[in-house]
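We name chains A, B, ... by the order of the sequence lines, and we start the count at 1 in each one.
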There are 2 protein chains.
Amino acid sequence: MVQQRLDRTQIVESAIAFVDACGLGELTMRRLGTVLEVEAMALYRHISGRADLLEAMVDELIDGLFDDELMTEDAHSWEEYLQRVANATRKLAIGHPRIFPLIATQPPAAPWLRPPLRSVRWVEEFLSSLQRFGFSDRDAVAAYKSFTSFLVGALLLHAASLTPEAIGDEDAEASSETDLGQYPTVQRLQDLLREDHTQREFDDALDDLIERIRTSRDK
Amino acid sequence: MVQQRLDRTQIVESAIAFVDACGLGELTMRRLGTVLEVEAMALYRHISGRADLLEAMVDELIDGLFDDELMTEDAHSWEEYLQRVANATRKLAIGHPRIFPLIATQPPAAPWLRPPLRSVRWVEEFLSSLQRFGFSDRDAVAAYKSFTSFLVGALLLHAASLTPEAIGDEDAEASSETDLGQYPTVQRLQDLLREDHTQREFDDALDDLIERIRTSRDK
DNA sequence: CTAGGTTGATTACGCCGTAAACATGAATAG
DNA sequence: CTATTCATGTTTACGGCGTAATCAACCTAG
């Protein structure tokens with residue numbers, strides 16, 4: 001996959017693929033240059049620096065959400081709409097677990113843009129959609145806030161669980177066994193703690209959030 | 001505040017203070033050394049590297065939660081207990097907004113340790129407390145999961161809003177005015193979006209989470 | 001064909017984390 | 001009391017980082 005000319009979106013996409021494969025810490029201007037068969041400084045013709053690159057990666061992914069199949073046709077209720085956005089975002093987090101922390105964490109362009117729906121375009125889409133379903137101004141904004149909080153909390157933790165990321169390594173001994181001698185409850189509940197019901201927990205929490213939004217809505 | 005001898009907890013505390021003041025990106029071994037009036041390499045006698053330092057900072061803060069006044073005496077109901085933990089954690093996030101992303105984001109020591117209550121000690125305290133109030137094994141674990149998700153979502157976004165962090169700067173023009181011409185809903189709701197009701201939203205969401213936990217509990 | 005602008009390559013600078021060797025002073029053993 | 005050990009901080013050095021500045025090659029317009 002060799003190109004004649006370098007191009008901003010191609011750089012950003014390569015960076016995303018690289019981080020997906022190797023992790024954020026490995027992303028380096030020089031290494032990204034190598035991947036694109038170009039010298040590191042060539043990248044600066046198209047992006048203004050590392051910070052700009054990270055921002056562009058986040059923007060690319062968030063904007064890409066619009067193209068998700070779940071988003072391409074209109075929802076028939078606001079509940080269905082929220083479910084579609086939530087599930088599309090969840091797919092994004094699962095698809096790019098090493099980038100999602102960036103999406104959740106990077107300071108947004110304006111303080112009222114809340115991750116992960118952190119582009120003006122998305123806020124517009126979100127608020128206007130809810131209003132099309134009859135939400136008042138206040139209710140739409142309140143829903144935006146609680147919905148984004150929900151997504152960040154649920155998805156950031158889920159994404160983190162998908163990235164081994166080579167933790168401490170510590171000793172060469174059993175890498176998962178800490179003492180737990182003095183922690184009887186944790187020891188007893190260890191199996192339950194390990195069980196993964198992410199999908200169901202996500203759906204349940206979303207259902208409850210929807211219920212919460214419904215009942216706190218102006219009539 | 002000059003000491004004769006360097007000491008691990010002193011290093012960690014200085015690092016926390018430094019990041020609170022200057023931001024994570026400014027934290028450097030050399031600079032931290034300067035603060036402590038010591039050469040950078042001296043730090044390596046007490047910590048094994050930058051990664052270890054960051055981990056120690058997180059641990060220090062999370063363990064410090066136990067000393068919060070809200071945690072020093074027993075709660076009389078599990079609802080009150082959750083409220084105390086939530087509010088203590090909230091104080092932590094507000095007190096160290098530039099470190100909280102680390103607390104939420106850094107890969108935990110074990111996959112079943114969920115930020116921000118990411119120490120075995122905390123999980124033990126949390127689960128055993130709920131069980132003292134009659135929670136079954138499953139319910140306690142389920143509450144741990146939904147509660148941590150809630151905290152991360154609510155507090156990470158709140159902490160982010162407290163860190164100006166010197167965003168793009170972009171042009172010298174009005175740093176907060178984007179066009180918004182093509183975003184009529186956002187434009188119209190701009191004031192509502194800017195309004196800050198974090199405390200109330202936090203309390204409301206917590207109340208609803210508690211209600212959710214109550215009704216999904218085994219009888 | 002030529003002039004100018006765009007794109008990538010080269011070179012260089014200062015900062016980073018940290019490995020390794022060294023210095024020093026306090027604790028300990030004889 | 002002296003000699004030795006060991007813990008602690010210093011010095012030096014290395015490779016990698018982001019990126020400013022300069023340069024060379026190429027496309028494109030006239």
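- Although no hydrogens or angles enter the test, the distance criterion places a donor-acceptor pair under 3.5 Å between the side chain of Arg84(B) and the main chain of Glu73(B).
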Taking protein heavy atoms under 4.0 Å as touching, what does nucleotides 16-22 of chain D look like 5' to 3' if B marks base contact, S marks sugar-phosphate-only contact and - marks none? -BBBBBB

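- Among the atoms of the strands shown, only primed sugar atoms or phosphate atoms (P, OP1, OP2) are found under 4.0 Å from some heavy atom of Ala42(A).
- Atom-to-atom, CG of Leu43(B) to C1' of dA7(D) comes out at 16 Å; the value is rounded to the nearest Å.
- Proximity of Trp122(A) to Val85(A): side-chain heavy atoms (C-beta onward) are separated by under 4.5 Å at one or more points.
- Between the CD atom of Glu39(B) and the C1' atom of dA23(C) there is a distance of 14 Å, rounded to whole Å.
- Remark: P of dC15(C) and CG of Leu32(B) are 18 Å apart, rounded to the nearest angstrom.
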Name the atoms and distances for all side-chain donor-acceptor pairs under 3.5 Å in residues 16-30 of chain A, with sequence neighbours left out.
{"unit_1": "Asp20(A)", "atom_1": "OD1", "unit_2": "His96(A)", "atom_2": "ND1", "d": "3.1"}
{"unit_1": "Asp20(A)", "atom_1": "OD2", "unit_2": "His96(A)", "atom_2": "ND1", "d": "2.6"}
{"unit_1": "Glu26(A)", "atom_1": "OE1", "unit_2": "Arg31(A)", "atom_2": "NH2", "d": "3.4"}

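- Rounded to a whole Å, the CD1 atom of Ile47(B) is 11 Å from the C1' atom of dT18(C).
- Salt-bridge check for Asp68(B) with Arg90(B): failed, with every basic side-chain N at 4.0 Å or more from each acidic carboxylate O.
- Between Glu195(A) and Lys145(B), none of the side-chain N atoms (NZ, or NE/NH1/NH2) sits under 4.0 Å from a carboxylate O, so this pair counts as no salt bridge.
- Taking atom NE2 of His46(B) as the reference point, atom P of dA7(D) lies 12 Å away to the nearest angstrom.
- Classified by interplanar angle (parallel below 30°, tilted 30° to 60°, perpendicular above 60°), the ring pair Tyr81(A)/Phe126(A) is tilted.
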